[in-house]
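Since the structure comes first, as structure tokens, the remarks are kept for the end.
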Amino acid sequence: MAHVVSSLDQPSNYKDSQARVDRQKQNDLLSKSSTLYIGNLSFFTTEEQIYELFSKCGSPEEGGGVKRIIMGLDRNTRTPCGFCFVEYYTNAEALACMRYVSGTKLDERVIRCDLDLGYKEGRQFGRGKSGGQVRDEHRQDYDAGRGGWGAQAQRMEMERRREVEERYADAQDGPGAVAGGGGDWKEASGGDQTLKRGRSPDDEGDSSRAGHRMKAEDPDIEPERM
């Protein structure tokens, strides 16, 4: 029955595409590696939280434990972008971590652990076009723990908003544009002062006709003498 369930401490099929060694050499290095790649982290997870979890698989009494943690950073902003490297002192500790920690939750996210060929300077930066991870470049779902929408979706939304703003600006400046909120009129009228329209001859005629009509309808009003 041992072949039915795959071992939890076996590395996945993922291989570093930038590694300059063949597949057989990579397998040999992974069999001795004490470095783990940790993925699907929240952008808000701290190095202290990672150390607290992964130190549970260390063996300080045997000269082991967590050697160092390298946080993955956005290449442009130098802020966490959802992955890290955890180095142990021994390969056995790294395998124990894959067996007991990979697939568990950290910061309400299911994290994954995989054996890594070993950290080299420069690998702490995301490889996506926007500076973060490639997976967040093409992601179409909303993930609050990983910066919201994917980078491409965010760029499309920004372009759409810019087009709307440009069309609105053209409509305001073009022929037939609607006047503003009456700022010129307020300035000419002295701010909050209320202006009254002057009476015209037509207004006088209207009020005179209205008076005659009221007297004709009310018998108690004495007719005006001619």
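Across every non-hydrogen atom of Cys97 and Cys113, the tightest pair is SG-SG, 4.2 Å. For Cys84 against Ile50, the heavy-atom pair with the smallest separation is SG-CD1, 3.8 Å. The two residues Met98 and Leu36 come nearest to each other via the heavy atoms CG-CD2, 3.7 Å. The shortest non-hydrogen separation linking Gly118 to Asp116 is N-OD2, 2.9 Å. Nearest heavy atoms, Gly126 versus Arg75: O-NH1, 2.6 Å. Minimum interatomic distance between Ser33 and Ala94 (heavy atoms only, all atoms of both residues): O-CB, 4.1 Å.
Annotation: salt bridge (Lys or Arg N to Asp or Glu O under 4.0 Å) contacts of Asp22 (sequence neighbours excluded): none. Under the salt bridge (Lys or Arg N to Asp or Glu O under 4.0 Å) criterion, Asp143 pairs with Arg109, sequence neighbours left out. The ring pair (Phe, Tyr, Trp, His ring centres under 6.0 Å) search around Tyr142 returns Trp149, not counting sequence neighbours. Residues satisfying the side chain to side chain contact (heavy atoms under 4.5 Å, CB included) criterion with Asp28, sequence neighbours excluded, are Gln24.
Criterion: ILVMFWY side-chain heavy atoms under 4.5 Å apart, direct or through other members. Under it, Leu53 and Phe43 are not part of a common hydrophobic cluster. Each of Leu30 and Tyr89 belongs to its own hydrophobic cluster when Ile, Leu, Val, Met, Phe, Trp and Tyr are linked at side-chain heavy-atom distances under 4.5 angstrom.
Screening residues 33-50 for salt bridge (charged side-chain N to carboxylate O under 4.0 Å, His left out), with sequence neighbours left out, gives no hits.
Between Tyr37 and Phe83, the ring-plane angle classifies as parallel under the 30° and 60° cut-offs.
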Checking Asp107 against Leu41 for the side chain to side chain contact (heavy atoms under 4.5 Å, CB included) test, could you report, in this order, the C-alpha distance in whole Å, the side-chain angles of both residues, the deciding distance, and whether it holds? CA-CA 8 Å; Asp107 251 4; Leu41 291 172; over 6 Å; no
Under the side chain to side chain contact (heavy atoms under 4.5 Å, CB included) criterion, do Thr35 and Leu117 qualify, and how do the steps go? CA-CA 7 Å; Thr35 302; Leu117 296 176; over 6 Å; no
Would Thr45 and Ile111 satisfy side chain to side chain contact (heavy atoms under 4.5 Å, CB included), going step by step from the backbone distance to the final call? CA-CA 11 Å; Thr45 299; Ile111 61 174; over 6 Å; no
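Here Arg146 contributes atom CZ and Arg139 contributes atom CZ; the two are 6.5 Å apart, rounded to the nearest 0.5 Å. In this structure, OG in Ser31 is found 7.0 Å from CG in Asn91, a value given to the nearest 0.5 Å. To the nearest 0.5 Å, atoms CG (Asp114) and CD1 (Ile38) are separated by 8.5 Å. For the atom pair OG (Ser102) and CZ (Arg112), the distance works out to 8.5 Å, reported to the nearest 0.5 Å.
For the residue pair Glu93 / Ser34, no side-chain donor-acceptor distance below 3.5 Å is found, with atom types taken as modelled.
Distance alone, capped at 3.5 Å, places no donor-acceptor pair between the Ser130 side chain and the Gly132 backbone.
By the 6.0 Å contact criterion, CD on Gln49 is enclosed, its count of non-hydrogen atoms from other residues, nucleotides or ligands being greater than 12.
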Extract all donor-acceptor atom pairs below 3.5 Å that involve side chains of residues 56-71 and protein atoms in other chains or at least two apart in sequence.
from, atom 1, to, atom 2, distance (Å)
Arg68, NE, Glu87, OE1, 2.9
Arg68, NE, Glu87, OE2, 3.3
Arg68, NH2, Glu87, OE2, 3.1

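At least one side-chain heavy atom of Arg135 sits less than 4.5 Å from a side-chain heavy atom of Asn40.
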